[in-house]
Each structure stands twice: as structure tokens, then as C-alpha cells.
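Heads up, the thing below is written out as C-alpha cells.
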Amino acid sequence: MMANFAIHSSPLDALTHALSEQSTKGKGRLEQDFRQAYPILEQHIAKKMRKKILVDQFNAAYKHELNLIQFRKLLNEERARRHAEGDAARCQSCGHLLVEAEEQTAFGAAEEDA
């Protein structure tokens, strides 16, 4: 802490620097990394890749320790955020919304089970 203060000319500078460093760690960093990886994750989900594999690969690439529940929560939050902004993920070949395609597949599977 004193080392941080020593490099900065005032306590306010030290505080500003410490807070800006903190914003690039923890949950903020996780969300930032997830937003960056989201389009690729959606492409692989559309190809029916298991989410467990996606979680493991995401953790390896970004050095996080997400579990499957946390991954699904971040995925749903990012989908909702992008949908609200009109930036939902779309299939590159046909242009359909990827989330809608996934929901239709789940709906079709539910009808077959009935």
C-alpha cells in the first residue's frame, strides 16, 4: 500500500489508481471477458457443443474458475443485455436469432417427450 502511495504524488492519485486497478479484477473482469467471448460461445452452443466443455475452455483461456451454474447465469444475463440493446446473436449463415433457435429446439424436444 505504501508502495502505491510512493509512486503517486497525492493520496487522491493513489486512491484513483487503486480503484482503477480493482475495476480490472474480480467480477468486473469476469464480465468483461465473458462479453468478449460471448459471440464465439453462442456459435458453439448453436453447434450443440456441451456447455461443460465451453466452461472448461473459457476457464482455461481466460484464467477464471467458473462452474456450470455461474456460466449459465452469465450466459442468460448477456443474452438479455444484448437482446435489450438489439444486439442478439444471429446465425452467420441464415440470420436467425441463435437463442430463438435454441428455444425452438428445446420446445420440439419437449413436444416429443409428451
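- Taking each heavy atom of Glu42 and Leu75 in turn, the nearest pair found is OE2-CD1, 3.8 Å.
- Looking at Ile53, Ile40, Leu66, Leu74 one by one, the single match for side-chain contact (heavy atoms from CB on, under 4.5 Å) with Phe58 turns out to be Leu66.
- No donor-acceptor distance shorter than 3.5 angstrom exists from the side chain of Arg82 to the backbone of Tyr38, with no hydrogens or angles considered.
- Taken to the nearest 0.5 Å, the CG atom of Leu30 stands 5.0 Å off from the NE2 atom of His64.
- Judged as a salt bridge (charged side-chain N to carboxylate O under 4.0 Å, His left out), and not counting sequence neighbours, the contacts of Arg81 are Glu78, Glu85.
- Partners of Asn76 according to the side-chain contact (heavy atoms from CB on, under 4.5 Å) rule, which considers only residues two or more places apart in sequence or in another chain, are Arg79.
- Annotation: ring pair (Phe, Tyr, Trp, His ring centres under 6.0 Å) contacts of Phe71 (sequence neighbours excluded): Phe34.
- Applying the salt bridge (charged side-chain N to carboxylate O under 4.0 Å, His left out) test to pairs two or more places apart or on separate chains, those with a residue in residues 55-74 are Lys52-Asp56, Lys73-Glu77.
- Checked against Tyr62 for a side chain to side chain donor-acceptor pair (under 3.5 Å), the options Gln57, Gln36, Arg29 give a single hit: Gln36.
- Surrounding CG of Leu68 are more than 12 heavy atoms belonging to other residues, nucleotides or ligands, all under 6.0 Å away.
- In this structure, the side-chain contact (heavy atoms from CB on, under 4.5 Å) partners of Ile69, at least two apart in sequence or on a different chain, are Asn67.
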